Amino acid sequence: MKNNLDETKPIFLQIKEQLEDSILSDSVKAGERVPSTNEFASYYQINPATAAKGINELVTEEILYKRRGVGMFVTENAKHILIKKRKQTFYDHYIQPLRQEAAKLHISKDELLEMIQKGDERDEN
């Protein structure tokens, strides 16, 4: 868990994103237990209902499931679901605006690909 929370974003979203990032980075794998609402609340000194909101969103998205009396666990398809969701978000927030700006500047798809590849070459050096 991160040591502190960012004041610019709702706490429940930060908890949700922390869990998502842990799953994507394989810090928490399918079938493993995640921290409970009360553990998050205690660690961050927040209301348990706030932590529960982030966790419950992950249950709704089928990233987590509840075992009564035991806790919340990562579903088998969690990583696949998260990658698919994040790819769509990446497309919506980065690729679409990039394409729109390229069109305004009359940059062709080939030129755009060339620019991206040029960036790759710089990274390799």
Side-chain angles (χ1 to χ4, degrees):
M1 287 191 269
K2 283 190 203 173
N3 290 335
N4 50 19
L5 297 169
D6 180 358
E7 293 183 22
T8 63
K9 191 184 289 188
I11 293 170
F12 79 93
L13 278 180
Q14 292 179 66
I15 288 171
K16 179 183 178 195
E17 289 171 359
Q18 268 185 34
L19 288 169
E20 289 176 346
D21 289 344
S22 294
I23 293 165
L24 287 170
S25 69
D26 287 327
S27 297
V28 181
K29 297 183 185 341
E32 290 186 5
R33 183 184 169 280
V34 298
S36 71
T37 299
N38 289 332
E39 289 169 330
F40 275 113
S42 174
Y43 186 81
Y44 290 116
Q45 299 296 301
I46 59 172
N47 187 319
T50 301
K53 187 172 180 181
I55 291 171
N56 288 336
E57 283 196 10
L58 292 172
V59 171
T60 300
E61 294 174 14
E62 298 181 353
I63 305 301
L64 300 178
Y65 67 95
K66 183 177 185 173
R67 281 195 207 156
R68 179 167 256 164
V70 183
M72 293 289 190
F73 293 81
V74 179
T75 65
E76 289 299 319
N77 292 326
K79 190 169 182 176
H80 172 74
I81 293 167
L82 287 171
I83 288 171
K84 184 177 178 182
K85 181 179 98 169
R86 292 268 181 107
K87 280 183 179 181
Q88 185 62 50
T89 300
F90 181 81
Y91 179 79
D92 294 343
H93 291 130
Y94 297 99
I95 302 301
Q96 281 295 80
L98 174 71
R99 291 176 71 190
Q100 290 167 356
E101 187 65 17
K104 288 180 202 172
L105 299 172
H106 304 285
I107 297 172
S108 71
K109 288 181 184 180
D110 289 337
E111 286 177 297
L112 194 54
L113 286 172
E114 191 177 303
M115 289 176 175
I116 292 168
Q117 289 169 341
K118 186 188 284 186
D120 288 345
E121 290 169 8
R122 286 186 190 155
D123 292 343
E124 291 172 1
N125 295 328

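Since we're looking at a predicted model, the values are computed, not measured. Any value given below was found using the heavy atoms of this structure, including those in side chains, with hydrogens, waters and symmetry copies removed.
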Exercise. Would a 4.5 Å heavy-atom cut-off, applied to side chains only, mark T50 and Y44 as touching?
Worked result: no
Exercise. Is there a donor-acceptor pair closer than 3.5 Å between any side-chain N or O of S22 and the backbone N or O of V28?
Worked result: no
For this session: Determine whether more than 12 heavy atoms belonging to other residues, nucleotides or ligands lie under 6.0 Å from atom CZ of R99.
Result: no
Exercise. Are any non-hydrogen side-chain atoms of I55 and K16 less than 4.5 angstrom apart?
Worked result: no
For this session: To the nearest 0.5 angstrom, please state how far the CG atom of D26 sits from the NZ atom of K79.
Result: 3.5 Å
Exercise. Side-chain contact, heavy-atom cut-off 4.5 Å: V74 with K29?
Worked result: no
Exercise. Going through the distances and angles, do L5 and Q18 end up as a side chain to side chain contact (heavy atoms under 4.5 Å, CB included)?
Worked result: CA-CA 10 Å; L5 297 169; Q18 268 185 34; 4.1 Å; yes
Exercise. Got E101 and K104 here, is their nearest side-chain heavy-atom distance under 4.5 Å?
Worked result: yes
For this session: Using the side chain to side chain donor-acceptor pair (under 3.5 Å) rule, take S108 and D110 through it: C-alpha gap first, then chi angles, then the decisive distance, then the call.
Result: CA-CA 5 Å; S108 71; D110 289 337; 5.1 Å; no
Problem set entry | Whether over 12 other heavy atoms sit under 6.0 Å from K85 NZ | yes
Problem set entry | ILVMFWY network linking L113 to L98, side-chain heavy atoms under 4.5 angstrom | no
Problem set entry | Sub-4.5 Å side-chain heavy-atom contact between L19 and P35 | yes
Problem set entry | Cluster check L13, V34: I/L/V/M/F/W/Y, side chain < 4.5 angstrom | no
For this session: Can you measure from CD (E17) to CZ (R86) and round to the nearest 0.5 angstrom?
Result: 6.5 Å
Exercise. When clusters are formed by joining ILVMFWY residues with side-chain heavy atoms under 4.5 Å apart, either directly or through shared neighbours, do F73 and V59 land in the same one?
Worked result: no
Problem set entry | Heavy-atom side-chain contact between E76 and Y65 under 4.5 Å | no
For this session: Give a yes or no answer on whether the side chain of Q45 reaches the backbone of S42 with a donor-acceptor pair at less than 3.5 Å.
Result: yes
Seminar exercise, completed: Heavy-atom nearest pair, A41 first then A51, reads N-CB, 4.5 Å
Exercise. So how far is it from E62 CD to H80 NE2, rounded to the nearest 0.5 Å?
Worked result: 11.5 Å
Exercise. Going through the distances and angles, do D6 and Q14 end up as a side chain to side chain contact (heavy atoms under 4.5 Å, CB included)?
Worked result: CA-CA 8 Å; D6 180 358; Q14 292 179 66; 3.4 Å; yes
For this session: Give a yes or no on whether M115 and L105 share a hydrophobic cluster (residues Ile, Leu, Val, Met, Phe, Trp, Tyr; joining criterion: side-chain heavy atoms under 4.5 Å apart).
Result: yes
Exercise. Are T37 and M72 close enough that some pair of their side-chain heavy atoms sits under 4.5 Å apart?
Worked result: no
For this session: Can you spot which of I23, I15, L64 makes a side-chain contact (heavy atoms from CB on, under 4.5 Å) with L58?
Result: L64
Problem set entry | Heavy-atom neighbours of E7 CD exceed 12 at 6.0 Å | no
For this session: Verify the cluster assignment for I63 and F90: are they in a single hydrophobic cluster under the rule of side-chain heavy atoms below 4.5 Å apart?
Result: no
Exercise. Taking atom CD of Q88 and atom NE2 of H93, what is their separation to the nearest 0.5 Å?
Worked result: 10.0 Å
